[in-house]
Amino acid sequence: MTKTTYVTEPFLPPLDEYIPYLEQIWENKRLTNNGPFHREFESALCDYLGVEHLSLFTSGTIALVTALQVLRISGEVITTPYSFVATAHSLLWNNIKPVFIDIDPATCNLDADKIEAAITPHTTAILPVHCYGNPANVEQIGQIADIYGLKVIYDAAHAFGVKYRGESLLRHGDLSVLSFHATKVFNTFEGGAIVCPDAKTKQRIDFLKNFGFANEVTVMAPGINGKMNEVQASFGLLQLKYIDQVIARRRDIDHRYRELLNGVKGISLLPEPEDTQRNYAYFPILVRPDYSQTRDELYQTLMDNDIHPRRYFYPLISSMPMYRGLPSVDAAGLAVAAQVADQVLCLPMFPELEEDVIEKICAIVSGAR
Ligand SMILES: *Cc1c(COP(=O)(O)O)cnc(C)c1O
């Protein structure tokens, strides 16, 4: 029996390194509600990421749902159909109408040239994703938002630690939302955060994630319970000690894949984004019609060899039942996204992926076996 290789495997520091954190929690009996590890983790993340303010959450999805409440977003929001479902679901949970626009094939991010044509009197915000950790077109999005008076919330679930033009990618837009789910580059088992530029916004976020309590007797809004607990926060502090090592190993794997897959007929690799210090969150390939198999046949061939790639992102969010009927889901307007969704395959990418498995995967994709 050979071992199955999944698309990702969480990085976990040695078990004994968790124990001192748990001992401290058991000793001081602070389990949640902005405890000492929560505060320490927020400040350590601000330092590491190079951002001013950050508020921890139980998940990226709750952080997204809350971010929309923080800025009082309503009406219509322009977003991408090429993402994990949570991006658009966060809009439906706020009774906001998603307006999907097509993507740029070079980055798989929403095509900023398509934003203006999608703006209506009901548009209040843009919700782009830094897909695979590739920076969205932050300059153009920022300019359009300024001209039309729109808010910008980045779904930065893939963008932990990414730097663009020498500074944190998370410094763009009104808010950025991170996910620390087990499958992401950096994990707290489950978890997430909202990054914001000023203390006043951070306070509003902190109130909203704690039922809306501003103090013992004042509830400022119908908030939610989105608070990260002390176990998660302490695990995050430990995980943070390893993050540079983790990203360095991912970079080596990315380079190895590029070496071995470069020039395989019918396979395209996404170009490396410009001016970007990457986190190598995913390794997507595109299986073009001139490849020897269809995308789904290659998927099956890999599965038959105990390699579990994933079709991130297929199907498009816009094709799911809860989005059908929206005017913007018309396939003609989303032709690039539809094509990429039909061709994409994300190959295994995680720090403990071994060289012989990388070679095996590339041999299969190259048609050598
Ligand atoms: C993982 C992910 C989310 C959701 O994050 P959770 O922490 O799992 O709730 C949102 N958006 C994108 C693009 C993601 O990949």
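Order of listing sets the numbers, starting from 1, for every ligand and every atom in it. Residue indices begin at 1 and follow the sequence shown. Computed over heavy atoms, backbone and side chain alike; hydrogens, waters and symmetry mates excluded.
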Original post:
With backbone taken as N, CA, C and O and side chain as the heavy atoms from C-beta onward, which portion of Asp155 lies under 4.0 Å from ligand 1: side chain, backbone, both, or neither?
Top reply: side chain
Subject >> Contact atoms of ligand 1, heavy-atom distance to Thr87 under 4.0 Å >> reply: 11 (N), 13 (C)
Original post:
Does Gly192 come within less than 4.0 Å of ligand 1, judged by its heavy atoms?
Top reply: no
Subject >> Heteroatom proximity flag, Gly60 to ligand 1, N/O under 3.5 Å >> reply: yes
Subject >> Minimum-distance protein heavy atom relative to atom 2 (C) of ligand 1 >> reply: Lys184 NZ, 3.0 Å
Subject >> N or O contact, Tyr282 vs ligand 1, cut-off under 3.5 Å >> reply: no
Original post:
Do Tyr18 and Glu23 meet the criterion of a side-chain donor-acceptor pair at a distance under 3.5 Å?
Top reply: no
Subject >> Donor on one side chain, acceptor on other, Asp113 and Gln140, under 3.5 Å >> reply: yes
Subject >> For atom 3 (C) of ligand 1, the protein heavy atom that lies nearest, with its residue and separation >> reply: Phe84 CD2, 3.7 Å
Subject >> Pair Gln339-Asp342, side-chain donor/acceptor within less than 3.5 Å >> reply: no
Original post:
Is the His158 ring parallel, tilted or perpendicular to the Tyr282 ring (thresholds 30°, 60°)?
Top reply: tilted
Original post:
Can Gly191 be said to touch ligand 1, with heavy atoms closer than 4.0 Å?
Top reply: yes
Original post:
Do His308 and Tyr299 have side-chain atoms, one donor and one acceptor, less than 3.5 Å apart?
Top reply: no
Original post:
Looking at atom 9 (O) of ligand 1, what's its closest protein heavy atom, distance included?
Top reply: Thr61 OG1, 2.6 Å
Original post:
What atoms in ligand 1 come closer than 4.0 Å to a heavy atom of Ser83?
Top reply: 13 (C)
**OP:** Would you check if there is a donor-acceptor pair between the side chains of Asp244 and Tyr48 at a distance under 3.5 Å?
**Re:** yes
**OP:** Tell me which protein heavy atom sits closest to atom 15 (O) of ligand 1, plus the residue, atom name and distance to 0.1 Å.
**Re:** His158 NE2, 2.8 Å
Original post:
So which protein heavy atom does atom 5 (O) of ligand 1 come closest to, and at what separation?
Top reply: Ser179 OG, 3.2 Å
Original post:
Which ligand 1 atoms does Ala86 reach within 4.0 Å, using its non-hydrogen atoms?
Top reply: 4 (C), 10 (C)
**OP:** Would you check if there is a donor-acceptor pair between the side chains of Thr301 and Asp304 at a distance under 3.5 Å?
**Re:** no
**OP:** Note the single closest protein heavy atom to atom 8 (O) of ligand 1, along with its residue, its atom name and the distance in Å.
**Re:** His181 CB, 3.7 Å
